[in-house]
Participant: 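The structure that follows is given in the form of structure tokens.
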Amino acid sequence: MHLKSPWLTRPSPSPPRRSIAGITAPRAVRRASAKKSASKAFSARAASVSSGVSLSSFTAPSKAAAKAQARALRTAVFAADKPDRSGADAKDAGKGQKVMVIGGDGYCGWATALHLSNRGYEVAIVDNMCRRTFDDQLGFNSLTPIKGIHERVRKWEEVSGNKIELFVGDICDYEFLSAAFEAFEPTSAVHFGEQRSAPYSMMDRTRAVFTQTNNVMGSINLMYAIKEYAPECHLIKLGTMGEYGTPNIDIEEGYITIEHNGRTDTLPYPKQGNSFYHLSKCHDSANMLMCTKTWKLRTTDLNQGVVYGVATEETMMDPALINRLDYDAVFGTALNRFCIQAAVGHPMTVYGKGGQTRGFLDIRDTVRCIQIACDNPADPGEMRVYNQFTEQFSVNELAALITEAGKKIGLDPKVITVPNPRTELEEHYYNAKNSKLQDLGLEPHLMSDALLDSLLNIIVEYKDNVDQRLILPGVNWTESASVSKTVAKVAAK
Ligand code: NAD
Ligand code: USQ
């Protein structure tokens with residue numbers, strides 16, 4: 001198999017420069033009044049948490065029947081005893097809450113900003129557009145034709161009547177971030193604004209350093225901004241399931257109780273990220289726990305699984321609101337990539353043995369999980385950790401599901417085994433808990449249903465946009481070196 005991808009042979013550009021692209025709609029607000037009104041809006045929130053039900057285990061991926069049984073049991077249990085979130089889709093569900101969506105121009109952030117805005121949360125987007133810069137640098141593009149952020153926000157106001165404030169700038173620039181905080185006075189800050197691709201972070205030294213600097217520094221700045229300008233603001237931070245790695249024991253939701261030499265303690269679950277990206281999230285979590293305890297912040301760390309899908313209610317309201325969908329080997333994630341590959345007749349690229357198992361969720365559930373987190377703020381000094389995924393599958397199981405769904409719409413999906421460019425276990429135990437968000441009222445979309453209604457049918461519409469040269473992997477974990485060495489190696493092949 002020839003793995004040379006065209007975009008890697010080009011000299012690697014430097015990551016985006018840090019600069020303030022400008023703040024739109026700034027307001028001069030005194031710090032004291034920011035604190036006062038933030039805490040007022042905060043205390044007005046409904047406290048609708050119920051005790052819910054905890055599932056003590058999740059089924060092993062290889063046992064399909066046991067898995068279906070567990071799913072049925074879970075559905076039945078939650079149907080019988082879950083908090084009343086019947087008002088969650090009302091136009092004024094979020095009245096009184098001001099949510100700053102950092103990374104609001106990205107895949108998860110855009111869908112979340114519109115979802116909350118449509119339900120009466122006052123929303124501001126903060127983004128420095130670096131994700132669009134990565135595409136420009138590497139020659140990638142979203143499958144779906146996305147509009148610029150200013151046009152997106154204007155169109156949203158026209159379609160919904162709801163205004164979204166826009167702050168264009170880099171959260172690693174503290175002056176910019178604090179001005180945005182003073183101006184908007186958020187009651188919640190949802191932090192999606194990081195470099196989120198594992199392959200990108202493993203491309204070369206420059207991008208490894210950029211990823212960890214951007215992600216870790218941005219999060220530290222954000223916690224300082226909360227401490228200094230809005231101490232009651234609830235930080236909802238996107239972590240990742242990959243922080244846990246693939247241990248040979250069950251994965252708990254954030255914390256594990258350990259008995260050692262006759263003593264017992266509840267400690268953060270061990271973290272073993274396997275890319276500079278995943279490790280940036282581990283460092284974030286450790287920093288967040290320290291700041292939460294020391295400064296009595298209210299924080300929630302959402303360890304999200306791999307997100308799939310493109311359609312949410314709001315992003316489909318107008319073509320100018322459509323969300324991005326990545327299929328290249330650096331930013332495209334497994335299920336989205338496989339669906340796009342199946343749609344254009346490219347074999348689905350299973351890396352190695354395909355037994356790699358991960359947690360997955362539909363983007364329609366991502367936006368609901370964030371809404372649930374906003375509605376259930378942590379107490380001061382408490383860092384909640386939720387595992388944000390709804391089902392777990394191996395890569396082989398994904399390919400099988402897509403084959404079945406593709407055939408229903410006349411596609412003929414095929415699978416190819418590609419030498420694994422990553423260093424990861426290809427066969428392993430995986431049993432991750434994920435009951436906390438469902439205890440708070442999340443009703444999951446299941447992948448088998450979602451494949452057709454929110455993904456394959458939409459992809460088929462845009463399949464002419466696919467550049468098949470971007471599909472094969474070009475980032476190898478063991479070849480990660482300085483930019484010049486990587487380029488020289490690839491060119492010599
Ligand atoms: P994305 O790249 O589409 O969006 C991230 C956004 O953040 C981009 O618009 C980018 O321009 C912005 N951003 C990055 N650094 C910034 C900075 N310093 N200042 C301001 N803006 C900045 O990524 P996504 O897929 O939407 O993921 C969002 C978050 O969710 C990430 O933190 C990611 O790690 C996490 N996550 C994503 C997935 C997934 O499958 N997509 C799964 C688990 C966790
Ligand atoms: N994989 C294939 N073939 C492909 C692409 C991926 O077999 O064509 C395999 C990978 O080797 C890996 C698994 O699929 O074992 C998942 O890979 P991915 O690219 O879908 O996801 P990952 O790199 O882990 O990162 C994505 C998001 C990241 C998020 C993470 C959630 O890019 O932001 O944090 O999913 S998690 O995996 O739970 O950590």
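What you see below is based on every heavy atom in this structure, not just the backbone, and it leaves out hydrogens, waters and symmetry mates. Every number for a ligand or one of its atoms is a count from 1 in the order of the listing.
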Participant: Of the protein's non-hydrogen atoms, which lies at the shortest distance from atom 19 (O) of ligand 2, and what is that distance?
Facilitator: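 Its nearest protein heavy-atom neighbour is Arg422 NH2, 2.9 Å.
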
Participant: Does a side chain donor of either Gln195 or Thr211 reach within less than 3.5 Å of an acceptor in the other side chain?
Facilitator: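 Note: Gln195 and Thr211 side chains meet the donor-acceptor criterion.
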
Participant: So, Ser219 versus Glu194: side-chain donor-acceptor pair below 3.5 Å or not?
Facilitator: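 A pair is found: one side chain offers a donor N or O, the other an acceptor, under 3.5 Å apart.
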
Participant: Using a 4.0 Å heavy-atom threshold (strictly under), name the region of Glu243 that reaches ligand 2: side chain, backbone, both or neither.
Facilitator: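 None of Glu243 does.
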
Participant: At under 4.0 Å between heavy atoms, is it the side chain or the backbone of Phe338 that contacts ligand 2, or both, or neither?
Facilitator: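 Near ligand 2, Phe338 shows its side chain, while the N, CA, C and O stay back.
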
Participant: Heavy-atom distance to atom 43 (C) of ligand 1: which of Gly104, Ser219, Ser280, Gly305 wins?
Facilitator: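 Ranked by closest heavy atom to atom 43 (C) of ligand 1, first place is Gly305.
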
Participant: Which of the atoms in ligand 2, numbered in the order shown and given with their element, are less than 4.0 Å from a heavy-atom of Arg196?
Facilitator: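 In order of number, 27 (C), 28 (C), 32 (O), 33 (O).
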
Participant: Just heavy atoms, cut-off under 4.0 Å: does Met241 contact ligand 2 by side chain, backbone, both, or neither?
Facilitator: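 Answer for Met241: both.
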
Participant: Does ligand 2 have an atom that lies less than 4.0 angstrom from a heavy atom of Phe331?
Facilitator: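 Outside the 4.0 Å threshold, so no.
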
Participant: Starting from atom 12 (C) of ligand 2, which protein heavy atom do you reach first, and at what distance in Å?
Facilitator: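 For this ligand atom, the closest protein heavy atom is Glu424 OE1, 3.6 Å.
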
Participant: Between Tyr277 and Tyr200 (judged by ring centroids, cut-off 6.0 Å), do the two rings come close enough to count as a pair?
Facilitator: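 No - the distance between ring centres of Tyr277 and Tyr200 does not fall below the 6.0 Å cut-off.
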
Participant: Select the closest option to atom 32 (O) of ligand 1 among Lys281, His191, Arg196, judged by heavy-atom distance.
Facilitator: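 Selected option, by shortest heavy-atom distance: Lys281.
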
